[in-house]
Amino acid sequence: MLSTVRLKKLLVSSLAVTAVVLSATAVPASAAPAPKSYKNCTELNKVYPHGVGRAGARDKTSGKPVTNFRVNNTVYSYNDGGARHWGEHDLDRDNDGIACEKR
């Protein structure tokens with residue numbers, strides 16, 4: 001039978017190995033693109049092909065509304081023209097809560 005001291009050493013070493021493995025597989029925070037204001041819809045649509053909108057937004061159109069836009073309140077706030085952020089551009093011209101919506 002293992003002694004208590006030996007069992008504690010085994011437990012500590014296994015926890016240390018687990019911590020190293022988990023830290024090596026963690027996704028760095030820099031992997032997600034930082035929210036920014038895009039100069040125009042062409043640039044925004046390269047990252048968000050169907051546009052970006054705030055939660056609960058509805059497309060204003062006489063045809064079929066766009067529903068597959070990315071919901072991201074932070075990115076939308078940088079591109080809605082509210083001038084809350086330096087260098088912000090107004091890419092939601094119809095003010096429906098979706099910037100640069102397209103099918």
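The heavy-atom pair separating Lys36 from Asn79 by the smallest distance is O-ND2, 3.0 Å. Residues Ala57 and Gly97 come closest through the heavy atom pair CB-O, 3.4 Å.
Looking only at side-chain heavy atoms (C-beta outward), Leu91 and Asp80 stay at 4.5 Å or farther from each other. Between Asn45 and Lys102, some side-chain heavy-atom pair lies under the 4.5 Å cut-off.
From Cys100, atom SG reaches atom CZ of Arg93 across 8.5 Å, with rounding to the nearest 0.5 Å. One finds the CD1 atom of Ile98 at 4.5 Å from the CG atom of Asp59 (value rounded to the nearest 0.5 Å). The CZ atom of Arg54 sits 13.5 Å away from the OG1 atom of Thr74 when rounded to the nearest 0.5 Å.
Not a single donor-acceptor pair under 3.5 Å links the side chain of His50 to the backbone N or O of Asn68.
Here Thr67 pairs with nothing under the side chain to side chain contact (heavy atoms under 4.5 Å, CB included) rule; sequence neighbours left out. Residues passing the side chain to side chain contact (heavy atoms under 4.5 Å, CB included) test with Asp90, sequence neighbours excluded: Asp92.
Between Tyr38 and the options Lys46, His89, Glu43, a side-chain contact (heavy atoms from CB on, under 4.5 Å) holds for only Glu43.
Under the 4.5 Å side-chain heavy-atom criterion for grouping Ile, Leu, Val, Met, Phe, Trp and Tyr, Val47 is connected to Leu44 within one hydrophobic cluster.
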Practice prompt. Starting from the C-alpha separation in whole Å, work towards a yes-or-no answer on side-chain contact (heavy atoms from CB on, under 4.5 Å) for Glu101 and Asp94.
Written response: CA-CA 10 Å; Glu101 62 266 28; Asp94 58 359; 3.2 Å; yes
Next on the checklist: As a quick check of understanding, evaluate side-chain contact (heavy atoms from CB on, under 4.5 Å) for Val75 and Tyr48, giving each step before the final call.
Outcome noted: CA-CA 10 Å; Val75 174; Tyr48 305 100; 3.5 Å; yes
